[in-house]
Novice: 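Below you'll find the structure I mean.
Atoms considered below: every heavy atom in the structure, side chains included; atoms not considered: hydrogens, waters and symmetry mates. Numbering of ligands and ligand atoms starts at 1, following listing order. Fair warning: this is a prediction, and the values are worked out from it, not measured in the lab.
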Amino acid sequence: MSTVGDISAIAARAPVIPVLTIETPETAVPLARALVRGGLPVLEITLRTAVALEALRIIVDEVPEAIVGAGTVLDPVQLDQVQRAGARFAVSPGCTEALARAARSSGIPFLPGVQTVSEAMTLAEHGFEILKFFPADAAGGLTWIKAVGAPLSGLRFCPTGGVTAETVPAYLALPNVACVGGSWVAPRVAVATGDWQSVERLAAAASTLKRR
Ligand code: 3PG
């Protein structure tokens, strides 16, 4: 079963995927609702906190208008856990042979991470056509994505890691950028203080950005 078309449909839903590291389950629903209200329905919940799976389940149950996926998925066991929790897609910072195979056979839309041309070529052999470029800013940023446009012409990227409100328009202007991921739309302080208006405002600014 191919997962390629599915992740491309999800990437098409919004120019920016908020990357959310949720520390307290109580913030999950208001945070998701603020982002959806701002026009960003595709949400990545990273598996970096003890409550990540619980937060994912809560958003799946209580915010049906969100398209909730899991990030920082490192191996096939976690991939299985996030699917059971209701994740509609999965994201990894890099990829292994085992994870690529598990994602292909599970059928979940999957956005695997790469940092090099060889990694991108290996994932293209597995049939993945949209790849997370991570950590984008540290690994070459716009320059890298522009440079691989011609040689890797069949691939598109979701740059993530160090992208900001200031740098995101330049990424989205590149023809081989499908969408961009980042945490700037949900600042830690805004989440901790329940400042959902600020989150909604940041999401609204991001959701109206133009893509090529
Ligand atoms: C990720 O997990 O994809 C990144 O940590 C998000 O990066 P950012 O916090 O620099 O946006």
Novice: Quick one: does Gly181 get within less than 4.0 Å of ligand 1, heavy atoms only?
Specialist: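 The answer is no: ligand 1 sits nowhere under 4.0 Å from a heavy atom of Gly181.
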
Novice: At what distance, to the nearest 0.5 angstrom, does CD of Glu23 lie from CZ of Arg48?
Specialist: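 Atom-to-atom, Glu23:CD and Arg48:CZ are 10.5 Å apart.
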
Novice: Considering distance alone, does some N or O of Thr72 sit under 3.5 Å from an N or O of ligand 1?
Specialist: no

Novice: Anything under 30° is parallel, anything over 60° is perpendicular, the rest tilted; go ahead and classify Phe110 against Phe128.
Specialist: perpendicular

Novice: Does Leu79 belong to the same Ile/Leu/Val/Met/Phe/Trp/Tyr cluster as Val19, with side-chain heavy atoms less than 4.5 Å apart forming each link?
Specialist: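 Hydrophobic grouping puts Leu79 apart from Val19.
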
Novice: What are the atoms of ligand 1, with element, lying closer than 4.0 Å to any heavy atom of Gly161?
Specialist: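 So the answer, numbered in order with elements, is 7 (O), 10 (O).
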
Novice: Is it the case that the side chain of Thr49 and the backbone of Ile22 share a donor-acceptor pair, with hydrogens and angles ignored and the cut-off at 3.5 Å?
Specialist: yes

Novice: Hey, does the side chain of Thr167 reach the backbone of Val163 with a donor-acceptor pair shorter than 3.5 angstrom?
Specialist: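 Looks like no, no N/O pair under 3.5 Å.
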
Novice: Can you pull out the closest protein heavy atom to atom 4 (C) of ligand 1? Residue, atom name and distance to 0.1 Å, please.
Specialist: Phe134 CE1, 3.7 Å

Novice: Among protein heavy atoms, which lies nearest atom 3 (O) of ligand 1, and at what distance?
Specialist: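 For atom 3 (O) of ligand 1, the nearest protein heavy atom is Lys132 NZ, 2.7 Å.
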
Novice: Mind checking whether Ser183 has an N or O less than 3.5 Å away from an N or O of ligand 1?
Specialist: yes

Novice: If I apply the N/O under 3.5 Å rule, does Gly162 come out as touching ligand 1?
Specialist: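 For ligand 1, there is an N or O atom that lies under 3.5 Å from one belonging to Gly162.
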
Novice: Would you say the side-chain atoms of Thr164 pair up with the backbone N or O of Glu166, donor to acceptor, closer than 3.5 Å?
Specialist: yes

Novice: Only heavy atoms of Gly182, strictly under 4.0 Å: list the atoms of ligand 1 that pass.
Specialist: 11 (O)

Novice: For atom 2 (O) of ligand 1, which protein heavy atom lies nearest, and how many Å away is it?
Specialist: Arg48 NH2, 2.1 Å

Novice: Is a donor on one side and an acceptor on the other found under 3.5 Å between the side chain of Arg33 and the backbone of Trp196?
Specialist: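 Pair absent, no side-chain N/O of Arg33 close to backbone of Trp196.
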
